[in-house]
Number of protein chains: 2
Amino acid sequence: MILSPVSDADLDRAFAALADPVRRAIIARLSRGAATVNELAEPFEISKQAVSKHIQVLELAGLVSRTRDAQRRPVHLEAARLEAMTGWIDRYRLAAEQRFRSLDAVLERTASPAASAATTPNTDKEQQP
Amino acid sequence: MILSPVSDADLDRAFAALADPVRRAIIARLSRGAATVNELAEPFEISKQAVSKHIQVLELAGLVSRTRDAQRRPVHLEAARLEAMTGWIDRYRLAAEQRFRSLDAVLERTASPAASAATTPNTDKEQQP
DNA sequence: GCTGTAATCAACGTATTAGTTGATCAAGGA
DNA sequence: TCCTTGATCAACTAATACGTTGATTACAGC
């Protein structure tokens with residue numbers, strides 16, 4: 001499977017887009033199929049314009065896209081961008097978990113923090129894996 | 001494996017926390033081991049106070065935690081919260097991908113979206129597992 | 001053409017956020 | 001004790017985000 005390149009700014013927008021419960025609910029709804037703005041706005045108490053803005057945010061983040069059907073503009077999910085997000089998270093989550101399972105990690109948790117700092121003089125900078 | 005319950009507000013904070021390149025770089029750095037504020041601030045051109053605020057945001061989001069070591073306050077990653085985020089995303093990503101592979105999805109792409117909307121009148125709300 | 005419906009655009013108020021600088025607190029070491 | 005280091009607190013500014021209401025565009029059907 002070919003993973004599309006996702007820029008730093010793309011990740012900014014994607015994570016920011018999911019940092020809102022309304023937009024997450026929209027994503028949840030769209031995972032069951034495309035929907036129009038009116039259908040998406042129906043469960044919420046906010047105005048239809050506000051929902052339209054939320055969809056614009058999701059679209060700019062690459063999480064949804066819109067097609068045309070007469071005056072309707074059905075929205076559908078872009079799973080690839082969701083996958084890019086989990087890909088970013090998993091890279092560091094897995095690294096941390098593996099480190100946690102190592103002996104160094106055990107020492108860092110059980111011994112005194114001063115001792116662990118002494119045993120792990122790991123001060124190297126962030127290097128992209 | 002037991003998954004800790006994560007509230008809607010927790011997800012708000014976690015996704016918002018990762019919507020910043022500085023904070024993502026901090027996460028990346030911490031995936032290789034705990035670090036102090038000074039160590040984390042060193043690669044950036046912003047002030048140490050600003051980095052301290054970023055760490056507070058990450059801590060409030062449950063993505064990192066701090067221990068005490070004399071005057072140092074080493075920060076370390078909380079992989080569980082990262083896992084909660086991928087868990088949320090994957091639930092809807094997998095549903096969308098499965099739907100995409102089904103015949104309904106094919107019809108939705110080729111036929112009129114109105115017809116597909118009629119075949120999927122599922123309008124129930126997001127339900128926590 | 002006219003009307004109704006779907007959706008966006010525009011302008012605005014308010015709240016939150018990221019950054020700054022200066023001051024303060026806490027802990028070790030000479 | 002005094003001084004240095006690590007880190008946070010406080011106050012402030014600029015920019016951005018979310019929601020509102022009112023106007024406007026685009027299309028379908030009569």
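Taking atom CD of residue Glu39(A) and atom P of nucleotide dT5(C), one finds them 16 Å apart after rounding to whole Å. Rounded to an integer number of Å, the gap from Lys48(A) NZ to dA23(D) P is 16 Å. Here the P atom of nucleotide dA26(C) and the CZ atom of Arg66(B) are 15 Å apart, to the nearest Å. Between the CZ atom of Arg72(B) and the C1' atom of dA26(C) there is a distance of 13 Å, given to the nearest Å. Separating the CG atom of Asp20(A) from the P atom of dT16(D) is a distance of 18 Å, rounded to the nearest angstrom. Atom pair Arg24(B):CZ and dA18(C):C1' shows a separation of 15 Å (rounding to whole Å applied). Atom CG of Asp69(A) and atom C1' of dA6(C) are 11 Å apart (whole Å). Here the C1' atom of nucleotide dT5(C) and the CZ atom of Arg73(A) are 12 Å apart, to the nearest Å.
Between Glu45(A) and Asn38(B), the one whose closest nucleotide on DNA chain D sits nearer the 5' end is Asn38(B).
Rounding to the nearest 0.5 Å gives a distance of 11.5 Å between CE of Met85(B) and CZ of Arg93(A). Interatomic distance, Asp10(B) CG to Trp88(B) CH2, rounded to the nearest 0.5 Å: 14.5 Å. Between atom CG of residue Leu63(A) and atom CZ of residue Phe15(A) there is a gap of 10.0 Å, rounded to the nearest 0.5 Å. Note: Ser7(A) OG to Asp12(A) CG = 8.0 Å, rounded to the nearest 0.5 Å. Atom OG1 of Thr36(A) and atom CZ of Arg73(A) lie 11.5 Å apart (nearest 0.5 Å).
Side-chain N/O atoms of Arg23(A) include one lying less than 4.0 angstrom from OP1 or OP2 on dC18(D). Phosphate proximity of dA6(C) to Thr36(A): absent, as no side-chain N or O sits under 4.0 Å from OP1 or OP2. Look at Ser47(B) and you'll find a side-chain N or O under 4.0 angstrom from OP1 or OP2 of dT20(C).
The shortest distance between side-chain heavy atoms of Leu30(A) and Leu40(A) falls below 4.5 Å.
Counting only heavy atoms from C-beta on, Val37(A) has its side chain closest to dA7(C) among dC18(D), dA7(C), dA26(C).
If you check residues 49-62 of chain B against DNA chain C, the residues with a heavy atom closer than 4.0 Å are Gln49(B), Ala50(B), Lys53(B), His54(B), listed by number.
Of the residues Glu59(A), His76(A), Arg81(A), the one that meets the side chain to side chain contact (heavy atoms under 4.5 Å, CB included) test with Val64(A) is Glu59(A).
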